[in-house]
Amino acid sequence: MSGIRVPDLPYPASKRLAESEPDWRPLLLSCWTEQRDERVTRVLRSVDIEWTVRQVNAAYLSDRIMDVFLKTSGLHTTLVSRIARLRFWLAWQLDLSGAEAFGSDVLLDWLDNLQEWRGWSDTGGRSSRLLLDQLDSLVVAVSASFEAKSREALETYCRQWLEDTQRRHDQVARLRERLFETEQGASRQRLADQVARALIGRALTGRQLPPSITRFVRSHWYKVLKQSVWADGVDSEVHRHANKLLEWMVWVGDPDLSDGDRNRLYHVGEQLGDRIRDVWSRVLDQELPEQSLHDIQSVIVARIRGDVPELVTALSAGSDFSWDGSWLVAETLSANHADDYAGRWFFAGEGTKEQRRFFFALLPDSGEVLWTNGAGVKLGLQPWAEFKKAIQSGDIRPLPRPTAFGEVLSEALEVLSKVCSRQQAQREEAAREARAKAEALRREKEAAERQREKEELARQQALVRAREEAERQRMADEQAEQERLQKEAEQLAEKQVESISLGGWIVLTEKDRQTDPVRLKLAVKISASRKYVFVDRLGLNRREWLQDELVAGVVNGSVRVLGSSAEFDDTLSRVVGRIRVGRN
């Protein structure tokens with residue numbers, strides 16, 4: 001009820017709370033009251049309401065069950081349209097109770113019992129109107145069930161229907177038994193009558209006979225022939241004798257037949273009276289009237305003497321004596337010939353004009369099919385040959401095998417259960433695939449993230465390497481520049497130192513600047529060892545420097561040479577300043 005999904009049905013987009021479910025009972029009651037011939041799913045689509053999954057599936061299930069049942073039930077079109085409207089009540093109950101909608105066997109028994117009316121036709125007769133009246137009462141019972149929100153009203157209706165059906169079955173059984181006995185006797189009577197007429201008609205047609213013989217055959221011998229068939233059958237010995245005597249009477253009375261063989265005429269005429277009397281008594285169990293026999297014997301005597309009695313046409317064109325020669329060549333039948341047809345319903349016509357008849361029995365004596373209606377009332381007789389011809393031409397067709405409602409219900413639920421299981425498996429498989437895709441996507445994202453991080457790391461590392469390389473290059477350039485400046489400063493300082501002459505002054509500057517600068521004068525300059533000796537202005541406090549040490553002191557600013565040109569000093573100061581800036 002909630003697991004299956006059928007394409008193209010108006011399912012809700014999302015789940016909804018139980019208290020917000022729409023009440024569709026008034027809508028279904030309205031459809032039932034109006035006796036609308038619509039599917040429930042179509043009704044749901046016709047209104048702008050979001051139904052629950054359970055309601056949509058209940059509507060679909062009721063439509064499917066009723067459609068299949070009514071298509072295979074074999075009921076008349078008029079009944080099908082009436083019963084099909086129960087789909088509104090069934091949808092309501094399936095939504096309320098699910099499987100419990102058929103919890104009571106009464107409803108299922110009633111639906112299965114509808115097969116009793118497979119032979120119903122809308123003939124306008126009493127039995128036809130009776131069923132329609134009962135179905136009118138169904139409308140009231142189902143409406144009461146809707147209004148009371150209970151199945152009790154419909155179940156009460158079904159129980160009453162089943163009780164009435166049982167009583168009717170007992171009556172129909174007795175009626176059919178009496179009908180069969182009556183029709184069997186009547187069939188044998190028709191066989192006897194038609195065979196006797198056919199024999200007489202065949203024997204007298206085209207003959208000129210004495211009136212007494214014609215009168216005796218039609219009035220008296222007809223009863224012998226008929227009784228012999230009815231009592232002993234067409235194959236009995238007494239019937240063959242009666243038929244043979246009929247032929248002899250015609251032979252004797254017709255000069256065209258008997259004048260050619262006078263000896264035989266004498267022999268037959270001599271015995272004919274006694275044999276007629278004998279067969280008459282055997283068949284009818286009574287004596288032949290003497291006057292009737294006297295008339296026959298008078299003709300026989302006259303014929304033996306050679307007299308030609310008065311002759312008249314035995315069967316004139318306007319005679320009231322009817323006969324059918326096909327009864328003499330009819331197929332010998334037995335009840336077994338109808339094993340494939342007896343007890344089955346047949347129909348002719350289409351749609352609302354369809355008429356149904358029940359093949360009650362084959363009457364083998366007369367070779368006729370006995371048709372009845374569902375109430376066991378005789379509808380008519382049909383020759384077996386005509387029935388076979390109508391079956392072959394399709395004018396009469398057997399109703400297909402009926403399908404009980406319970407069988408339809410079981411098959412429909414089994415099919416839908418398999419569909420539901422398959423859909424659940426598909427949804428589970430789809431969920432697994434979705435999870436697998438999500439996992440694959442996650443792994444792809446993680447791999448992409450790792451790749452991005454790796455690429456970012458590589459880029460950062462490349463940037464670091466580039467910065468480091470740039471820094472190394474800058475430091476190398478700065479180092480080279482410092483070395484160049486250092487060399488330039490040393491060269492300038494060396495020139496300045498070399499330019500100090502004896503008596504030239506230098507100033508020693510202390511780094512902490514807490515003491516006054518010390519002035520020293522070059523006292524000795526030893527070229528070989530490149531040594532310079534300085535003294536203060538008193539000639540004391542002697543200091544010695546090698547040229548390189550003195551140059552280094554000039555470069556680092558701890559020694560300043562006095563007495564050199566200002567331009568040289570400025571140049572040296574600028575060079576030394578750049579060296580200091582580069583070191584910082």
Side-chain angles (χ1 to χ4, degrees), residues 25 28-29 31-35 40 58 61-70 72-76 78-120 122 125-176 345 358 373-377 402-413:
R25 184 180 58 84
L28 298 179
L29 173 58
C31 294
W32 169 258
T33 304
E34 297 171 7
Q35 290 289 283
V40 185
L61 185 57
S62 65
D63 284 337
R64 181 184 177 95
I65 291 173
M66 296 306 295
D67 288 346
V68 174
F69 170 63
L70 296 173
T72 59
S73 66
L75 297 175
H76 191 274
T78 302
L79 298 186
V80 167
S81 62
R82 300 286 292 269
I83 302 300
R85 297 161 188 161
L86 276 173
R87 65 179 76 236
F88 300 109
W89 183 89
L90 183 58
W92 172 54
Q93 285 298 308
L94 286 173
D95 175 44
L96 284 179
S97 309
E100 295 301 321
F102 299 99
S104 173
D105 292 338
V106 175
L107 179 59
L108 286 175
D109 291 344
W110 176 73
L111 288 168
D112 287 340
N113 184 260
L114 292 174
Q115 292 301 322
E116 175 197 4
W117 298 99
R118 291 180 72 236
W120 182 89
D122 194 4
R126 179 176 177 276
S127 60
S128 175
R129 292 194 305 272
L130 177 63
L131 179 58
L132 294 178
D133 291 342
Q134 287 181 298
L135 292 179
D136 288 339
S137 300
L138 175 64
V139 176
V140 178
V142 174
S143 298
S145 176
F146 269 116
E147 293 170 356
K149 300 181 181 180
S150 170
R151 297 196 300 264
E152 183 60 31
L154 179 57
E155 291 179 353
T156 301
Y157 171 86
C158 293
R159 280 192 290 269
Q160 184 61 46
W161 177 295
L162 294 174
E163 292 173 1
D164 293 342
T165 297
Q166 185 58 45
R167 289 193 295 269
R168 187 168 57 254
H169 281 175
D170 296 339
Q171 296 173 355
V172 169
R174 292 192 295 270
L175 177 62
R176 285 180 172 175
W345 284 97
F358 183 71
N373 62 11
V377 178
T403 303
F405 183 84
E407 182 179 345
V408 171
L409 178 63
S410 298
E411 291 178 355
L413 294 181

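- In this structure, SG on Cys158 lies 9.5 Å from CG on Leu108, to the nearest 0.5 angstrom.
- The shortest side-chain heavy-atom distance between Val106 and Thr156 does not fall under the 4.5 Å cut-off.
- Minimum interatomic distance between Leu162 and Trp110 (heavy atoms only, all atoms of both residues): CD2-CA, 4.0 Å.
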Subject >> Full working for side chain to side chain contact (heavy atoms under 4.5 Å, CB included) between Ile83 and Leu135 >> reply: CA-CA 8 Å; Ile83 302 300; Leu135 292 179; 3.9 Å; yes

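- Looking at Thr165 and Gln160, their side chains never come closer than 4.5 Å, going by heavy atoms from C-beta outward.
- Between Leu138 and Trp161 the shortest side-chain heavy-atom distance does not fall below 4.5 Å.
- Minimum heavy-atom separation, Gln35 to Arg82: OE1-NE, 4.3 Å.
- Arg64 places no side-chain N or O within donor-acceptor distance of the main-chain N or O of Leu61, the cut-off being under 3.5 Å.
- Here the straight-line distance linking atom OG of Ser62 with atom CH2 of Trp89 works out to 11.5 Å at 0.5 Å rounding.
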Original post:
side chain to side chain contact (heavy atoms under 4.5 Å, CB included) between Arg151 and Leu107: does it pass, once the steps are laid out?
Top reply: CA-CA 10 Å; Arg151 297 196 300 264; Leu107 179 59; 5.8 Å; no

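- The main-chain N or O of Ser145 is never found under 3.5 Å from a side-chain atom of Ser150 such that the two would form a donor-acceptor pair.
- Put simply, CG on Asn113 and CG on Asp109 are 8.0 Å apart, with the number rounded to the nearest 0.5 Å.
- Remark: Arg176 pairs with no residue by the salt bridge (Lys or Arg N to Asp or Glu O under 4.0 Å) rule, at least two apart or across chains.
- Heavy atoms only, all atoms of each residue included: Leu75 and Leu114 are closest at CD2-O, 3.4 Å.
- Closest heavy-atom contact between Leu111 and Phe69: O-CZ, 3.7 Å.
- Leu28 CG to Gln93 CD: the interatomic distance, rounded to the nearest 0.5 Å, is 10.5 Å.
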Original post:
Would Asp136 and Asp133 count as a side chain to side chain contact (heavy atoms under 4.5 Å, CB included) if you check the C-alpha gap in whole Å, the side-chain angles of each, and the deciding distance to 0.1 Å?
Top reply: CA-CA 5 Å; Asp136 288 339; Asp133 291 342; 4.1 Å; yes

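- Here Glu152 pairs with Arg159 in a salt bridge; the nearest charged N to carboxylate O distance falls below 4.0 Å.
- One distance of note links CZ of Arg25 with NZ of Lys149; it measures 4.5 Å at 0.5 Å rounding.
- For Phe146 and Trp92, the ring centers are positioned less than 6.0 Å apart.
- For Trp345 and Phe358, the ring centers are positioned less than 6.0 Å apart.
- Atom CG of Leu154 sits about 7.0 Å away from atom CG of Leu86, to the nearest 0.5 Å.
- Counting only distance, with no hydrogens or angles, the side chain of Asp95 and the backbone of Ala58 share no donor-acceptor pair below 3.5 Å.
- Looking at every heavy atom in both residues, Tyr157 comes nearest to Gln134 through OH-O, 2.6 Å.
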